Engineer: 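Following this message is one structure expressed as structure tokens.
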Amino acid sequence: MEFGQLIKDRYSVRKFSSQPVEESKVTAILNAARLAPTAVNKQPQRILVLRGASMEKLKDCTPYTFNAPMALALCYNRDEAWVRAYDNDNSGLIDAAIVGTHLMLAVHDIGLGATWVGHFDPAAFRQIYHLPANIEPVALFPIGYPAPEAKPAHLHEKRRSLEETVVYDRF
């Protein structure tokens, strides 16, 4: 799909069919995520693939699974992320956001749907999935085939103008 059309057509899917996602499509999504740029190419992202019983446990962390047949949990390794010397800012969260964007676009490009879920209990997630102390959970992505009645949310088309969001040379 042409990129301009892809970013225009993609929307957050919140209703999925029960059709399982083929392994080849999961691999394609993971490869797209792997190719995302990260600070100093440190690649601190860690992705937990959730299906079956693991997917059921996710309901103990968030109400927003939308009955998807699978989910990807995007995390980053705090100890591997690049740290800016000026203020010790850890780039892991930004790196994960870039990876998540690649992931979502890849999902749509191969005919699946997803939504970015930030509303989850990180403490419960850590405990249920046995995250090491240095692994930070960032977002959950329920993924699957959109249900026939799935549609964009009512605010999907509402976008601020460039004049409202862009400034030149200084604020």
Side-chain angles (χ1 to χ4, degrees), residues 1 3 5-38 42-78 80-81 92-156:
M1 179 181 297
F3 186 72
Q5 195 63 47
L6 176 73
I7 61 175
K8 185 178 179 203
D9 291 350
R10 190 220 58 83
Y11 69 95
S12 294
V13 175
R14 293 180 177 91
K15 192 164 189 119
F16 295 93
S17 78
S18 60
Q19 180 180 349
V21 176
E22 299 87 344
E23 193 61 37
S24 62
K25 290 191 175 190
V26 174
T27 300
I29 295 163
L30 295 172
N31 271 317
R34 183 179 63 86
L35 295 173
T38 59
K42 295 278 189 172
Q43 302 173 48
Q45 72 271 14
R46 297 297 181 270
I47 300 172
L48 179 61
V49 179
L50 304 173
R51 295 184 266 200
S54 292
M55 193 64 193
E56 280 302 310
K57 292 178 191 176
L58 189 57
K59 292 175 183 175
D60 293 333
C61 304
T62 181
Y64 301 109
T65 62
F66 306 106
N67 292 315
M70 67 166 294
L72 298 178
L74 178 58
C75 306
Y76 72 92
N77 183 331
R78 188 178 347 99
E80 290 182 6
L93 184 61
I94 293 169
D95 291 339
I98 296 167
V99 169
T101 300
H102 271 230
L103 186 156
M104 285 194 74
L105 292 174
V107 164
H108 184 74
D109 190 47
I110 61 176
L112 298 172
T115 192
W116 184 302
V117 175
H119 183 120
F120 66 97
D121 181 341
F125 186 84
R126 282 184 172 288
Q127 182 180 13
I128 290 169
Y129 296 106
H130 310 286
L131 268 62
N134 61 322
I135 302 297
E136 296 292 335
V138 174
L140 307 171
F141 296 88
I143 296 172
Y145 286 92
E149 63 275 15
K151 61 183 181 200
H154 71 284
L155 293 177
H156 177 74

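Since this is a predicted model, take the numbers as computed values, not measurements.
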Engineer: Under 6.0 Å from the CD atom of Gln19, do we count more than 12 heavy atoms belonging to anything else shown?
Structural biologist: yes
Engineer: Which distance, rounded to the nearest 0.5 Å, do you find between the CD of Glu23 and the CG of Leu30?
Structural biologist: 8.0 Å
Engineer: Measure the spacing between SG of Cys61 and CZ of Phe125 and express it to the nearest 0.5 Å.
Structural biologist: 6.5 Å
Engineer: Between Val99, Ile98, Asp95, which is the residue that forms a side chain to side chain contact (heavy atoms under 4.5 Å, CB included) with Pro37?
Structural biologist: Ile98
Engineer: Looking at every non-hydrogen atom in both residues, tell me the closest pair between Pro142 and Phe66 and how far apart they are.
Structural biologist: CG-CD1, 4.2 Å
Engineer: Rounded to the nearest 0.5 Å, what separation is found between the OG atom of Ser17 and the CD atom of Glu149?
Structural biologist: 9.5 Å
Engineer: Between CZ of Arg46 and CG of Asn77, what distance do you get to the nearest 0.5 Å?
Structural biologist: 5.0 Å
Engineer: I'd like to know if the side chain of Lys25 pairs up with that of Tyr145 as donor and acceptor (distance under 3.5 Å, no hydrogens or angles considered).
Structural biologist: yes
Engineer: Say whether, by atom type as modelled, one donor and one acceptor occur between the side chain of Tyr129 and the main chain of Ser54 under 3.5 angstrom.
Structural biologist: yes
Engineer: Looking at Pro146 and Gly111, what are the two nearest heavy atoms and their distance?
Structural biologist: CD-O, 4.1 Å
Engineer: What I'd like to find out is whether the side chain of Lys42 reaches to under 4.5 Å of the side chain of Glu80, using heavy atoms alone.
Structural biologist: no
Engineer: Any side-chain heavy atom of Tyr11 within less than 4.5 Å of one from Val13?
Structural biologist: yes
Engineer: What's the spacing between Ile29 CD1 and Met104 CE if we round to 0.5 Å?
Structural biologist: 11.0 Å
Engineer: Just how far is it from atom CD of Glu136 to atom CG of Leu93, taken to the nearest 0.5 Å?
Structural biologist: 9.0 Å
Engineer: Can any side-chain N or O of Thr38 pair as donor or acceptor with the backbone N or O of Gln43 at less than 3.5 Å?
Structural biologist: yes
Engineer: Is any side-chain heavy atom of Leu72 less than 4.5 Å from a side-chain heavy atom of Leu140?
Structural biologist: no
Engineer: Indicate the atoms forming the closest heavy-atom contact of Phe120 with Val138, along with that distance.
Structural biologist: CE2-O, 3.5 Å
Engineer: Can you name the closest pair of heavy atoms from Arg10 and Leu105 and give their distance?
Structural biologist: CD-CD2, 4.2 Å
Engineer: Please identify which of these residues, Leu50, Leu48, Ile128, meets the side chain to side chain contact (heavy atoms under 4.5 Å, CB included) condition with Leu58.
Structural biologist: Leu50
Engineer: Looking at Ala68 and Met55, what are the two nearest heavy atoms and their distance?
Structural biologist: O-CE, 3.5 Å
Engineer: What closest approach, in Å, do Phe16 and Gly144 show between heavy atoms, and which atom pair accounts for it?
Structural biologist: CE2-N, 3.3 Å
Engineer: Examine distances only and state if a side-chain atom of Arg126 and a backbone atom of Ile135 form a donor-acceptor pair shorter than 3.5 Å.
Structural biologist: yes
